[in-house]
Amino acid sequence: MRDLYADIIVDISHEKLDKTFQYRVPEKLRSTLEPGMCVDIPFGNGNKKIKGYVLAVSEQCKFDPGRTKDILGIAEKGVSVEDKMIALAGWMRKNYGSTMIQALKTVLPARQSFKKLEHRQIERMMGREELISLLGECERKKQVAKAKLLRAVLEQEVIPHEWITGKLGVSVQTIRSLEKAGAIRVNHDSAYRNPVKLAAARDVEKALSTEQQWIVDEFTQEYDVGRRGTYLIHGVTGSGKTEVYMQLIAEILKRGKQAIVLIPEIALTYQTLLRFYKRFGDRVSVMNSTLSPGEKYDQCERAKKGEIDVIIGPRSALFTPFPEIGLIIIDEEHEGSYKSEGTPKYHARETAEEVARLHGASVVLGSATPSIEAYYRAQKGIYQCFRLERRMGGGTLPLVHTVDLRQELKEGNRSIFSRKLQELLADRLAKGEQSILFLNRRGYAGFISCRSCGHVMKCPHCDVSLSEHRGGRLVCHYCGYSEPMPRLCPECGSRYIMGFRAGTQQIEEKLKELFPGVRTLRMDADTTRTKDSYEKLLSAFSNEEADVLIGTQMIVKGHDFPKVTLVGVLAADLSLSIGDYRAGERTFQLLTQAVGRAGRGEKPGEAVIQTYQPEHYAVIHAANQDYEAFYEEEILYRELGGYPPVAHLLAVQVFSAGEAVGKELAERLADVVKSIGDVQVMGPAPASIGKVNDVFRFVCYVKHINYERLVQVKDVLEEKLQEVQTAETTVQFDFDPMRTL
Ligand code: ADP
Ligand code: ZN
Ligand code: ZN
């Protein structure tokens with residue numbers, strides 16, 4: 001049997017990850033040793049026993065095998081923050097597929113530019129007499145550096161650390177040895193940059209409604225008898241979820257623990273932050289993408305030292321190195337942005353549960369339209385589900401009109417605005433009330449439908465829609481099936497069979513033609529390149545600087561506009577026809593949120609949903625704002641198709657510089673999976689965007705009822721890749737993908 005060697009790191013920090021040492025894996029550890037494990041190793045010339053972490057195991061010895069030392073054994077599992085981070089990275093590596101280094105880089109903050117802003121100082125700790133005699137001793141022993149430093153502190157009681165190491169050229173070791181001797185002290189009162197700089201008045205807890213109080217009581221009772229779990233709060237926007245989160249956090253803080261609050265970046269507005277800050281003061285901090293790496297690092301240091309105990313941020317805030325997390329909250333739990341697009345492609349919900357397990361914490365999820373995954377687990381009793389039925393500030397659900405666009409065409413209306421929507425828009429403009437026009441452009445991936453009958457071209461094998469490719473063919477991105485683009489609709493024979501092509505800009509132009517003088521604001525990827533412009537647009541609309549706000553999905557998130565009494569959804573079913581098993585879920589969520597934008601204030605609202613598929617269950621239930629009914633139908637579809645959460649899906653993504661080489665590797669991997677036997681393999685097929693920046697992309701899907709089995713498949717593929725992969729190709733794994741590649 002060939003020897004195994006392990007790459008080991010001894011210092012866990014982001015920038016030292018690439019500095020590894022190799023050790024031999026002794027016989028007794030061959031079958032147990034895994035990346036992420038903490039081991040005892042002999043280190044340095046004296047073979048001092050220290051702890052190290054395994055990054056990778058291979059048969060390749062990078063140094064002289066004769067001089068490579070053996071691992072002593074598996075170390076006692078510690079409980080330090082570092083140990084938990086390593087354990088988490090190990091879990092991510094295993095469950096999502098990546099190297100240990102990629103996983104560690106995801107969970108550890110990058111240091112960078114930190115040093116510059118730190119204000120360490122060196123302070124004199126001895127009396128003059130004592131110092132002078134110590135100085136004499138150092139001079140006698142020719143300890144030049146020590147003497148230099150002692151002379152400096154004799155002159156000045158407190159000296160900036162950088163000055164000593166920089167100008168005087170005294171090493172950190174010298175400083176340390178004099179510190180040990182009791183001559184000086186290093187003050188670490190670094191000036192941390194707290195990004196939350198608000199001088200806001202403190203706010204007090206609100207008296208909770210019965211429904212809200214019930215959640216807080218149930219949670220704390222369970223918590224205090226040592227029961228940990230995941231809770232789902234299902235309640236519309238404005239039903240008081242955030243107030244519940246804050247009181248749960250208060251309970252956790254009372255028990256000496258810390259809390260993490262995840263909020264999608266787009267909903268992480270100044271208003272939201274202010275609410276938390278008013279309640280918890282400067283014990284709260286924020287982690288978002290606008291912070292510099294140095295600021296992020298500071299936040300982590302403050303968390304480690306116990307200077308803050310609540311952090312708010314998007315996905316990555318999950319990796320805040322708190323010593324003892326008691327609660328992790330995930331607001332808008334259904335959001336796609338909780339899934340990472342980089343490797344490892346982790347989902348914040350599942351990862352939060354693992355963080356919670358490592359810390360002995362509980363997880364609270366909140367949403368108006370829970371993900372099918374979360375609701376499925378709630379139905380199975382894995383999560384405890386709470387409902388908040390009513391909006392706190394009153395307000396009623398809007399009256400919804402569903403307009404069949406096929407009928408509009410039949411009756412001679414070829415405009416992008418249905419007659420109903422035109423009528424209501426005119427009414428709002430006359431009354432001086434505001435409207436929102438929402439263009440559902442998500443997943444607009446060149447699918448083909450009939451304008452006359454609404455028929456969508458679908459894959460006969462996968463029940464997802466086919467996408468238009470160059471060369472006039474329609475392709476399925478799951479299995480690779482293709483057929484020629486039809487000239488006439490196979491259902492009704494109409495020649496109006498085509499893709500949908502309209503952007504927010506065209507809608508704005510058309511609106512201005514229809515209503516000359518209308519004041520509009522446009523919110524899409526083009527007009528919101530910076531975070532600033534997004535907030536500016538929102539406040540301009542709040543200040544009634546426009547009558548109509550036109551935008552893509554980003555306008556349906558988070559923000560409240562009390563003066564909006566009309567929402568128009570143009571082409572509601574665009575997102576229904578993406579070649580993706582989550583299309584129904586995403587459409588339902590978007591439509592429900594969009595419709596819910598109307599009537600937040602005192603005046604009742606109305607919404608118009610324009611669609612080619614008024615009979616689709618996602619459209620019908622969104623119009624009725626009926627989540628349960630939607631769930632019942634959706635879960636049936638998932639069961640029949642064997643899609644998550646009922647079963648699991650692993651996407652094996654191959655990227656390559658040459659087309660042939662990628663295709664060949666994808667096929668080879670698919671064959672390996674097929675030989676495993678009990679799993680279902682689909683593809684390989686070219687990705688929906690088959691080539692990006694001259695990189696070809698192929699995908700193969702593996703399905704199985706058990707997630708664990710797919711993890712094993714991934715392991716087999718990783719092993720195979722060590723053998724067959726060339727520098728021209730990259731392979732990524734995506735478990736239960738949020739979207740097709
Ligand atoms: P959600 O997070 O579900 O959108 P919020 O917690 O933001 O709901 O509550 C909506 C509004 O109702 C907020 O203005 C909040 O301050 C207020 N609110 C929530 N709970 C209470 C309560 N128990 N008493 C009074 N006002 C409340
Ligand atoms: Zn047709
Ligand atoms: Zn197919």
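Order of listing sets the numbers, starting from 1, for every ligand and every atom in it. We use all heavy atoms of the structure for the numbers below, so side chains are in, but hydrogens, waters and symmetry mates are not.
- Looking at every heavy atom in both residues, Gly584 comes nearest to Ala618 through O-CB, 3.7 Å.
- For ligand 1, the atoms closer than 4.0 angstrom to any heavy atom of Gln212 are 19 (C), 20 (N), 22 (C), 23 (N).
- Under 3.5 Å, the side chains of Tyr617 and Glu634 contain a donor-acceptor pair of N or O atoms.
- Using a distance-only test at 3.5 Å, with no hydrogens or angles considered, a donor-acceptor pair links the side chain of Glu211 to the main chain of Glu389.
- At the top of the distance list for atom 22 (C) of ligand 1, counting protein heavy atoms only, stands Met392 CE, 3.4 Å.
- Put simply, no part of Met246 is less than 4.0 Å from ligand 1, judged by heavy atoms.
- Remark: ligand 1 and Lys241 share an N or O pair separated by less than 3.5 Å (distance only, no angle test).
- For an aromatic pair to be called close, the ring centres must be under 6.0 Å apart, and Tyr627 with His234 satisfies this.
- Classified by interplanar angle (parallel below 30°, tilted 30° to 60°, perpendicular above 60°), the ring pair Phe588/Phe630 is parallel.
- The aromatic ring centroids of Tyr581 and Tyr637 lie 6.0 Å or more from each other.
- The closest side-chain donor-acceptor pair between Ser367 and Glu332, if any, does not fall under 3.5 angstrom.
- Scanning all protein heavy atoms for the shortest distance to atom 7 (O) of ligand 1 gives Arg275 NH1, 2.6 Å.
- Residue contacts with ligand 1, taken as heavy atom pairs separated by less than 4.0 Å, involve Lys206 solely via side-chain atoms from C-beta onward.
- Near Thr237, with a cut-off below 4.0 Å to any heavy atom, the atoms of ligand 1 are 4 (O).
- The protein non-hydrogen atom at the shortest distance from atom 4 (O) of ligand 1 is Gly238 N, 2.6 Å.
- In terms of protein heavy atoms, atom 2 (O) of ligand 1 is closest to Thr242 OG1, 2.5 Å.
- Residues Tyr383 and Tyr375 form no side-chain contact, since every pair of their non-hydrogen atoms from C-beta on lies 4.5 Å or further apart.
- Closest to atom 5 (P) of ligand 1 by heavy atom, among Ser367, Gly366, Ser209, Gly240, is Gly240.
- A cation-pi geometry, defined here as NZ or CZ lying under 6.0 Å from the six-membered ring centre and within 45° of its normal, does not hold between Arg406 and Tyr612.
- Contact atoms of ligand 1 toward Val236: 3 (O) (distance under 4.0 Å to a heavy atom of the residue).
- Listed by chain and number, the protein atoms of type N/O/S under 2.8 Å from the Zn ion (ligand 2) are Cys450 SG, Cys453 SG, Cys489 SG, Cys492 SG; waters are omitted.
- The side-chain heavy atoms of Ile609 and Val595, taken from C-beta on, include a pair separated by under 4.5 Å.
- Heavy atoms of Glu211 found under 4.0 angstrom from ligand 1: none, in either backbone or side chain.
- Ligand 1 is never approached by Gly235 to a heavy-atom distance shorter than 4.0 Å.
- When atom types are taken as modelled, the side chain of Glu483 and the backbone of Val475 share no donor-acceptor pair closer than 3.5 angstrom.
- Using a 30° and 60° split on the angle between ring planes, Phe541 and Phe561 fall in the perpendicular class, above 60°.
- With hydrogens and angles left out, the side-chain atoms of Glu632 and His621 include no donor and acceptor closer than 3.5 Å.
- Annotation for ligand 1: atoms under 4.0 Å from non-hydrogen atoms of Ala207 are 22 (C), 23 (N), 24 (N).
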